[in-house]
**Q** 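I have a structure I would like to understand better, so I am pasting it below and will then ask my questions one at a time.
Letters A, B, ... mirror the listed sequences (proteins, then strands); counts begin at 1. FYI, side chains are in, hydrogens and waters are out, and symmetry mates aren't considered; it's all heavy atoms of this structure.
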Number of protein chains: 2
Amino acid sequence: MSPKPMARPGGRSARVQASVHAAVRELEAERGREALTVPLVAARAGVTPSTIYRRWGDLQELLSDVAVERLRPDTEPADHGALRADLTAWAEQFLDEMSSTAGRAYIRDALLGDPDGGNAGQCSAYAAAQVDLVLDRARERGENGAGGEGGEADAPAREAVMDHVVAPIMYRILFRPEGLSTVYARELVARALDGLPD
Amino acid sequence: MSPKPMARPGGRSARVQASVHAAVRELEAERGREALTVPLVAARAGVTPSTIYRRWGDLQELLSDVAVERLRPDTEPADHGALRADLTAWAEQFLDEMSSTAGRAYIRDALLGDPDGGNAGQCSAYAAAQVDLVLDRARERGENGAGGEGGEADAPAREAVMDHVVAPIMYRILFRPEGLSTVYARELVARALDGLPD
DNA sequence: CGACTAAACGCAATCCCTTTGCGTTAAGCG
DNA sequence: CGCTTAACGCAAAGGGATTGCGTTTAGTCG
């Protein structure tokens, strides 16, 4: 669903999409995001502007698609042997990547050209999947009966981590970009795991 | 700072700004947000398009300014006599207003045309001020030594409420718009106040 | 109170992004 | 292998975005 509903997933359509996406990434690196226009991307991709307009409807929607692809995690969370260490390390890396200049630009683009909210939902789903991996691993270790419904002495449920770790990080990045460090991520994880044995 | 750095706060400049802002609000109500263009707004405001382009630089930046004005709270949080009741009521109203179709559009606009992040910061400052009012009132009542640094049995600090109530609400609105009700706001407040006597 | 400076605005010409109709290509399918 | 139609290329308007220049006027200083 990252690209528009494609009734024809193969052949020329697929080549056009790959070519356009590559053109966006190249031009973004060469001339910067501000200089991007639909005719410019079209020329680099070897297609006509009307093709892009018909398929994506808008420059912002195209950039939104590219941004979501770039926000997809490329590696699994590292295994440090314990839930607290895993979650802390993941949250720190998440904050680092997302709060970088490039990361903030991708988040904004993903939210921007997104009439139905599908792309933004995809971003959230990526983070949720990563969190699930960490929590599943803890459950397999038998930590505190992890994955329970967030009882006082159980490992937090997925939704609790989304609410109290991921959400505050994203809120700060979007609304209060000043003074953000990995310390903040560590504190959030510590609070979310409050009352758990270490 | 809502308008661009205005070296001339009075006279014609002020009239132009007021006229343009009014034109945006009128046309937004009449023809919908999608139909807005700079020439259209300019014609309604009785100015030339170049004036708008020079002053705001872009339609999105203009809409961002208008959106921030609309997101400014117009009333103080209601006083229900106790911290928990005050915070719950405020959070429910906050979620209702922000998750509405109009509210989401304003949030998106505010984030959109915002190169330096000043407008987004203003939105966060509005919410923080409202939270401060609620917490200050609790402190004046002498509730739990409210306003302390978030100790286990103290009322939560402002930052704790921003992290665990405001941030999750905004995250859900932006990234997971499905199935959002006042129940969610109430749960968040309950968790933030966990361990407090009622 | 009057003259000066420069920011802000109006006007108009230009550029090029956006949109749309029509013919052509080729992907999917029986 | 032939049919159907989605997807693409082409080209022509149509209109929004940009900019130079002259004019107005807000703010300031003598």
Side-chain angles (χ1 to χ4, degrees), chain A residues 1-24 26-28 30-66 69 109 112-115, chain B residues 1-28 30-66 109 112-115:
Chain A
M1 172 357 150
S2 205
K4 282 285 175 184
M6 196 187 318
R8 296 187 171 180
R12 185 168 65 170
S13 291
R15 281 196 303 275
V16 166
Q17 183 196 345
S19 176
V20 169
H21 276 225
V24 169
E26 292 172 16
L27 290 171
E28 205 169 356
E30 292 175 13
R31 307 196 187 181
R33 198 196 159 290
E34 292 301 312
L36 289 188
T37 69
V38 171
L40 193 68
V41 173
R44 172 65 65 102
V47 300
T48 61
S50 62
T51 294
I52 294 183
Y53 284 117
R54 270 193 251 264
R55 187 124 157 216
W56 283 274
D58 197 342
L59 175 64
Q60 293 181 345
E61 293 187 35
L62 171 58
L63 293 181
S64 183
D65 272 353
V66 176
E69 275 193 6
D109 284 341
L112 213 85
D114 199 12
Chain B
M1 163 17 128
S2 207
K4 282 285 179 183
M6 197 187 317
R8 295 189 171 179
R12 184 169 64 171
S13 291
R15 281 196 303 275
V16 167
Q17 184 195 342
S19 176
V20 168
H21 276 226
V24 168
R25 288 190 295 269
E26 292 172 15
L27 290 170
E28 205 170 356
E30 292 176 13
R31 307 197 188 181
R33 198 197 159 290
E34 292 301 313
L36 289 188
T37 68
V38 171
L40 192 68
V41 172
R44 172 65 65 101
V47 300
T48 61
S50 62
T51 295
I52 295 182
Y53 284 118
R54 270 193 251 264
R55 188 122 157 219
W56 283 274
D58 198 342
L59 174 65
Q60 292 181 344
E61 292 188 35
L62 171 59
L63 293 181
S64 183
D65 272 353
V66 176
D109 284 341
L112 213 86
D114 199 13

**Q** Quick one: is A:R55 getting a side-chain N or O under 4.0 Å of the D:dA7 phosphate, OP1 or OP2?
**A** no

**Q** If I take atom CD1 in residue A:I52 and atom C1' in nucleotide D:dG9, what distance separates them, rounded to the nearest angstrom?
**A** 13 Å

**Q** Hey, does A:V20 have a side-chain heavy atom less than 4.5 Å from the side chain of A:V41?
**A** yes

**Q** Considering only heavy atoms and no angle criterion, is a donor-acceptor pair shorter than 3.5 Å present between the side chain of B:S50 and the base of C:dC11?
**A** yes

**Q** Can you check nucleotides 22-24 of chain D for protein contacts, nitrogen or oxygen pairs under 3.5 Å, and list what you find?
**A**
residue : atom : partner : partner atom : Å
D:dT24  : O2   : B:R12   : NH2          : 3.3

**Q** Between A:V24 and A:L63, does the side-chain contact (heavy atoms from CB on, under 4.5 Å) criterion hold? Intermediate values first, please.
**A** CA-CA 8 Å; A:V24 169; A:L63 293 181; 3.8 Å; yes

**Q** Would you say that A:Q17 contacts A:D65 through its side chain, given a criterion of any heavy-atom pair below 4.5 Å between the two side chains?
**A** no

**Q** For DNA chain C, which residues in residues 38-47 of chain A have a heavy atom at a distance below 4.0 Å?
**A** A:V38, A:P39

**Q** Is B:E34 atom CD crowded by more than 12 heavy atoms from other residues, nucleotides or ligands, each under 6.0 Å away?
**A** no

**Q** Which pair of non-hydrogen atoms, one from A:W56 and one from A:E61, has the smallest distance, and what is that distance?
**A** O-OE1, 2.9 Å

**Q** State, to 0.1 Å, how close B:A42 and B:T48 come at their nearest heavy-atom pair, and which atoms those are.
**A** CB-C, 3.9 Å

**Q** For A:T51 and D:dG9, is the shortest distance between a side-chain N/O and OP1 or OP2 below 4.0 Å?
**A** yes

**Q** List for me each residue that meets side-chain contact (heavy atoms from CB on, under 4.5 Å) alongside B:R25, sequence neighbours excluded, and say none if there are none.
**A** B:H21, B:A22, B:V66, B:E69, B:R70

**Q** What's the CG-P distance between A:D58 and D:dG16, to the nearest Å?
**A** 15 Å

**Q** Rounded to whole Å, how long is the line connecting atom CD of B:E34 with atom P of D:dG16?
**A** 15 Å

**Q** In whole Å, I'd like the distance from the CG atom of B:L62 to the P atom of D:dG16.
**A** 15 Å

**Q** Look at A:R15 and C:dT25 and indicate whether a side-chain polar atom (N or O) is within less than 4.0 Å of OP1 or OP2.
**A** no

**Q** In whole Å, I'd like the distance from the CD atom of A:Q60 to the C1' atom of C:dC17.
**A** 14 Å

**Q** Nearest whole Å is fine: how far is C:dA12 C1' from B:R54 CZ?
**A** 11 Å

**Q** Any side-chain heavy atom of A:R33 sitting closer than 4.5 Å to one from A:D109?
**A** yes

**Q** Any sub-3.5 Å donor-acceptor pair from A:S64's side-chain atoms to A:L112's backbone N or O?
**A** no

